[in-house]
Amino acid sequence: VCNHTASISLVHFLHFSENLTVSFIVFVRWEEEKYEDGVKWKFLEHNGPYFPPEYQPVPDSVHFYYNGKPVKLSPSAEEVALFFAQMLDHEYTTKKVFRENFLKDWRMVSMTPEERSLIKHLNKCDFGEMHAMHKAKVEARKNMTKEEKQAVKDANQKIVDMFGYCLLDHHKERIGNFKIEPPGLFRGRGEHPKQGMLKKRIQPEDVIINCSKGSRVPVPPAGHHWKELRHDNTVTWLASWTENVQGSIKYIMLNANSKLKGEKDWEKYEVARKLKTCVDDIRYQYNQDLKSKQMSTRQRAVALYFIDKLALRAGNEKEEGETADTVGCCSLRVEHITLHDQLEGNECVVEFDFLGKDSIRYYNKVPVIKKVFKNLKLFMENKEPGDDLFDRLNTQMLNKHLTSLMPGLTAKVFRTYNASITLQQQLKELTNKGDNVAEMILSYNRANRAVAILCNHQRAPPKTFEQSMANLQAKIDTRKEQLTLAKSELKQAKKEAKSKGNSDPKLLVERKKAAVKRCEDHLLKMELQATDKEENKQIALGTSKLNYLDPRISVAWCKKFGVPLEKIYNKSQRDKFAWAIDMTDEEFEF
DNA sequence: TGTGACACTTAGAATCTGGATT
DNA sequence: AATCCAGATTCTAAGTGTCACA
């Protein structure tokens, strides 16, 4: 695939070099498309989303019991019952809200009137056999033969080939989520008021298709039709539907390694880099604003101070009772902070304790400057714990102000900026020139970890953590014994070499020396691994790596210190960051 | 000035996979 | 060949931020 100019150059080249033997490589670049404002593509063709298989009724041998008596459920009630039965091992099914929501939807949405009048209490329901059937199915799948597993894999691959790609401006692109979400029970995070509600099966009649006017229109499953066919090239989605639990819109979109997502990613980091050039002015500004006569300006300044210093999220307001009770900066309430004039040797300490995105707890004790502290005291005067801390501020006002300071600047840019600049600083601080690759990786992970801590990216400690830690320790111990052994063998060999003096034992000494060295290297590597693992127990590095750290920092660092890039980024991460890998040399500065 | 629809990024959990270990 | 486990991938919920409209 060549554009015109490239083709013409190639013809000239061949013409003038006909008497030469030449090898040449043609680099084919994506032809620069000129888009009007807001236009995301010129041509888009795809096969539509993949629909999950229809529900298969359970065999007659599997019973559901109500009040101890077997009850044959109608297909729709049975399908929903199975959703619950499959989750029986999960903590969700013990939660009051989950059970209530489930029972309500099960009865109202899926049961016949007769079933509804019979089945009224969840604790009289016995899903035991359905649960056992599900477990047996999982087990059977695990025990499939190699051939059967291969057959399943091939079938899945066929689905990916058919539905997993689209054609966007003459290039085949991978779609990120090409499957319609299957029905099931809604699993919110934290204390979600809607947990357990039925997520309905999506039909083609619910789905809007977006593609080019002149393209091959995706064919809906037999006997069905789409809700709507649309040709909107100002958006990037290929299909969408409205989900019934929260009423939000779900989209089918491209994979992160696509041009569309890559360019957006690049733009994001460029905005963050631009903030670097004016962050000092902005900090000076909000420091001044802390003394403003306007209450709303002072609140804005304090919020900005938190967002900048602590990398808090903006904190849009949310509809009460529709989602779990979580907050960000602008939506903080009085109950979420405690002020300490003195704490652990520091003055003016703010103690934060609140649930953020995904109901992850943010707990931090932070010394702040006096002006901020005094303002906070003022903001909290005569307020109840449940009142808004920043009652004169919302994210729209904050972002409007930020955009006036720098085009494209919003609250979230501070998170990106602070994350990336932290990585760069930490790498500079932690990397030692002479270190080997394993030590380099540990340094990188530590720098990455500093960012993850800043952004409060947590994870539940893996269930197998203690065990695998012990395993690793055991390995280290064995290796230590080996090392002792190898050392004593080396000593022995040296002794022999001295007493005999001929060349053979000398060779032996060299060999033993190498063995000791190997052992030491291996031991060091494992010990570093153990340190890394321990420090990582409750911290998730992935999120910051994928979303907050300018990949060019990592690429430059790898080049500078001779660390293979694949030690830092796996295959799909390298795909996602291909744009950065292409353009970055070791001198890059964020 | 507030509000809801919309489109997009960010997020941790669940599940899968393939290579190391037994 | 079987098993185990860590890392990779998938899944989809939960945020952010803009815009049109009243």
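If you're wondering where the values come from, they're calculated on a predicted model, not measured in any experiment. So you know, we letter chains A, B, ... as the sequences are listed, proteins then strands, and number each from 1.
Using modelled atom types and a 3.5 Å distance limit, the side chains of A:D289 and A:T297 yield no donor-acceptor pair. Side-chain contact check for A:N448 and A:S544: at least one donor-acceptor pair (N or O, by modelled atom type) lies under 3.5 Å. A donor-acceptor contact closer than 3.5 angstrom is absent between the side chains of A:S331 and A:E317. Remark: the A:K318 side chain and the A:T326 side chain contain an N/O donor-acceptor pair separated by less than 3.5 Å. No hydrogens or angles considered: a donor-acceptor pair under 3.5 Å links the side chains of A:Y286 and A:D308. A donor-acceptor contact closer than 3.5 angstrom is absent between the side chains of A:T94 and A:E91. In summary, the side chains of A:R174 and A:N257 do not present any donor paired with an acceptor at a separation below 3.5 Å, with no hydrogens or angles considered. Side chain to side chain, A:N570 and A:S572 meet the donor-acceptor criterion of an N or O pair below 3.5 Å. In this model, no donor atom of one side chain and acceptor atom of the other lie less than 3.5 Å apart for A:Q573 and A:D575.
Toward the 5' end of DNA chain B, the nearer of the two residues A:R459 and A:M397, judged by each one's closest nucleotide, is A:M397. When each of A:T234 and A:S544 is assigned the nucleotide of DNA chain B bearing its nearest heavy atom, the one mapping closer to the 5' terminus is A:T234. With the nearest nucleotide of DNA chain C identified for both A:V327 and A:Y569, A:Y569 has the one nearer the 5' end. When each of A:E181 and A:A314 is assigned the nucleotide of DNA chain C with its nearest heavy atom, A:E181 is the one assigned upstream, toward the 5' end.
For A:D358, the side chain to side chain donor-acceptor pair (under 3.5 Å) test picks out A:R189, with sequence neighbours left out.
Ring-centre distance between A:F102 and A:F84: below the 6.0 Å cut-off. Between A:Y548 and A:H457, the ring centre distance stays below 6.0 Å. Outside the 6.0 Å centre-distance limit, the rings of A:F51 and A:W241 are not counted as a close aromatic pair. In this structure, A:Y569 has its ring center closer than 6.0 angstrom to the ring center of A:F577.
Put simply, CG on A:L260 is 12 Å from C1' on B:dA7, counting in whole angstrom units. Separating the NZ atom of A:K179 from the C1' atom of B:dC16 is a distance of 11 Å, rounded to the nearest angstrom. Here B:dC6 presents its P atom at 10 Å from CH2 of A:W237, a figure rounded to the nearest Å. Following rounding to the nearest Å, A:N316 (CG) and B:dT3 (P) show an atom-to-atom distance of 14 Å. Put simply, NZ on A:K40 is 10 Å from P on B:dA7, counting in whole angstrom units. Rounded to whole Å, atom C1' of B:dA7 lies 13 Å from atom CG of A:L238. Between A:D358 atom CG and B:dA11 atom P there is a gap of 8 Å when expressed in whole angstrom units. What separates NE2 of A:H192 from P of B:dG12 is a distance of 17 Å, to the nearest Å.
Within the structure, a side-chain polar atom (N or O) of A:R415 is placed less than 4.0 Å from OP1 or OP2 of B:dA11. Residue A:H90 places no side-chain N or O under 4.0 Å from the OP1 or OP2 atom of B:dA13.
Here chain A contacts DNA chain C (any atom closer than 4.0 Å to a heavy atom, that is under 4.0 Å), and the contacts span C:dC5 to C:dT18 from 5' to 3'.
Here A:G328 lies out of heavy-atom contact (under 4.0 Å) with every strand. Residue A:K264 is classed as a sugar-phosphate contact, given heavy-atom separations below 4.0 Å to backbone atoms only. Among the heavy atoms of the strands lying under 4.0 Å from A:R189 is at least one base atom, whether or not backbone atoms are also near. Looking at heavy-atom distances under 4.0 Å, A:K357 makes contact with a base. Among the heavy atoms of the strands lying under 4.0 Å from A:P182 are primed sugar atoms or P, OP1, OP2 only; no base atom is included. Counting any heavy atom pair closer than 4.0 Å across all strands shown, A:A324 reaches no nucleic acid atom. The residue A:T323 sits apart from the nucleic acid: no heavy atom pair falls under 4.0 Å.
Using a 30° and 60° split on the angle between ring planes, A:Y444 and A:W557 fall in the tilted class, from 30° to 60°. The aromatic rings of A:F352 and A:F306 stand perpendicular to each other, their planes meeting at an angle above 60°, with 30° marking the opposite boundary.
A cation-pi arrangement is present between A:K172 and A:Y165, with the terminal nitrogen or guanidinium carbon under 6.0 Å from the aromatic centre and inside a 45° cone about the axis.
Using a 4.0 Å cut-off on heavy atoms, the residues of residues 240-251 of chain A that approach DNA chain B are A:I249, A:Y251, listed by number. Taking every heavy atom of residues 199-209 of chain A and every atom of DNA chain C, pairs under 4.0 Å involve A:K199, by number. Residues of residues 130-158 of chain A having a heavy atom closer than 4.0 Å to DNA chain C: none are found.
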Check: protein-nucleotides 19-22 of chain B nitrogen or oxygen pairs below 3.5 Å:
none

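Shown here is A:W579, whose CH2 atom has more than 12 heavy atoms of other residues, nucleotides or ligands within 6.0 Å.
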